[in-house]
Amino acid sequence: VQLQASGGGLVQPGGSLRLSCAASGSRLRIDDMGWYRQAPNQQRELVATSTHDGRLNYGVSVKDRFTISRDNAKNTVYLQMNSLKPEDTAVYYCYANYVYFGREVEAGKHWGQGTQVTVSS
């Protein structure tokens, strides 16, 4: 499994950013996808997740400001971030739960490389 994330950057407080994360690979079924974030000297925390059939879950600090969506045909998950605050500054990591149909069936979780989001004036 390969995950390619994009869309991070520098934005002013109150601004918006959209992250995307595409999963690729052969003989795969992609199940849950989502985002976590990690700020300096803090633990990684849940941002938002989506099951394959569209059930969503959000972290308390981002609910009502962030929206997760996905395109199953493209194995891509998006994170629309609005009303950004300085405390949203972190490295954002996407993940995908997958099933690999090789000689043996293997299930696992794969993380992307992380994309930096900085909210500052």
Side-chain angles (χ1 to χ4, degrees):
V1 179
Q2 291 186 331
L3 293 176
Q4 183 65 48
S6 61
L10 172 65
V11 64
Q12 292 187 342
S16 298
L17 279 177
R18 189 187 193 220
L19 306 182
S20 64
C21 178
S24 62
S26 59
R27 304 181 186 177
L28 290 175
R29 186 186 75 221
I30 302 297
D31 293 333
D32 295 3
M33 298 185 77
W35 299 89
Y36 280 70
R37 69 186 182 186
Q38 188 166 21
N41 301 316
Q42 295 189 22
Q43 292 186 332
R44 192 172 291 192
E45 67 168 341
L46 167 71
V47 178
T49 63
S50 172
T51 63
H52 188 272
D53 60 358
R55 285 172 289 149
L56 309 179
N57 186 40
Y58 292 95
V60 173
S61 61
V62 306
K63 203 170 183 179
D64 299 327
R65 297 188 297 122
F66 291 10
T67 302
I68 188 171
S69 61
R70 62 188 288 174
D71 183 336
N72 288 332
K74 297 180 180 179
N75 284 330
T76 299
V77 65
Y78 306 96
L79 185 69
Q80 179 65 42
M81 305 185 292
N82 297 330
S83 302
L84 283 160
K85 305 175 182 180
E87 50 264 43
D88 294 317
T89 296
V91 177
Y92 284 68
Y93 296 92
C94 67
Y95 79 91
N97 290 342
Y98 66 90
V99 177
Y100 173 67
F101 298 95
R103 179 171 292 183
E104 297 182 356
V105 177
E106 171 190 329
K109 180 191 287 300
H110 191 75
W111 292 91
Q113 81 278 14
T115 185
Q116 176 71 46
V117 172
T118 302
V119 184
S120 175
S121 55

Inter- and intrachain pairs under salt bridge (Lys or Arg N to Asp or Glu O under 4.0 Å), touching residues 67-92, at least two apart: Arg37-Asp88, Arg65-Asp88
For residues 96-106, pull every pair meeting salt bridge (Lys or Arg N to Asp or Glu O under 4.0 Å), keeping only residues two or more places apart or in separate chains. none
Verify the cluster assignment for [X] and [Y]: are they in a single hydrophobic cluster under the rule of side-chain heavy atoms below 4.5 Å apart?
X: Val77; Y: Tyr36; result: no
X: Leu46; Y: Leu56; result: no
X: Ile30; Y: Tyr95; result: no

Can you tell if the side chain of Phe66 reaches within under 4.5 Å of the side chain of Leu79, non-hydrogen atoms only? yes
Sequence neighbours excluded, the answer for side chain to side chain contact (heavy atoms under 4.5 Å, CB included) partners of Val91 is Tyr93, Gln116
Got more than 12 heavy atoms from elsewhere within 6.0 Å of CZ, Arg44? yes
Run Asn57 and Arg55 through side-chain contact (heavy atoms from CB on, under 4.5 Å) and show every step you take. CA-CA 7 Å; Asn57 186 40; Arg55 285 172 289 149; over 6 Å; no
side-chain contact (heavy atoms from CB on, under 4.5 Å), that's the test. Do Trp111 and Leu3 meet it? Break it down for me. CA-CA 7 Å; Trp111 292 91; Leu3 293 176; 5.5 Å; no
Please lay out, stage by stage, how Ser16 and Val11 fare under the test side-chain contact (heavy atoms from CB on, under 4.5 Å). CA-CA 7 Å; Ser16 298; Val11 64; over 6 Å; no
Taking the six-membered ring of Tyr78 as reference, does the cationic atom of Arg18 (NZ for Lys, CZ for Arg) lie under 6.0 Å from its centre and within 45° of its axis? yes
Heavy-atom closest pair, residues Thr89 and Ala39: O-CB, 3.7 Å
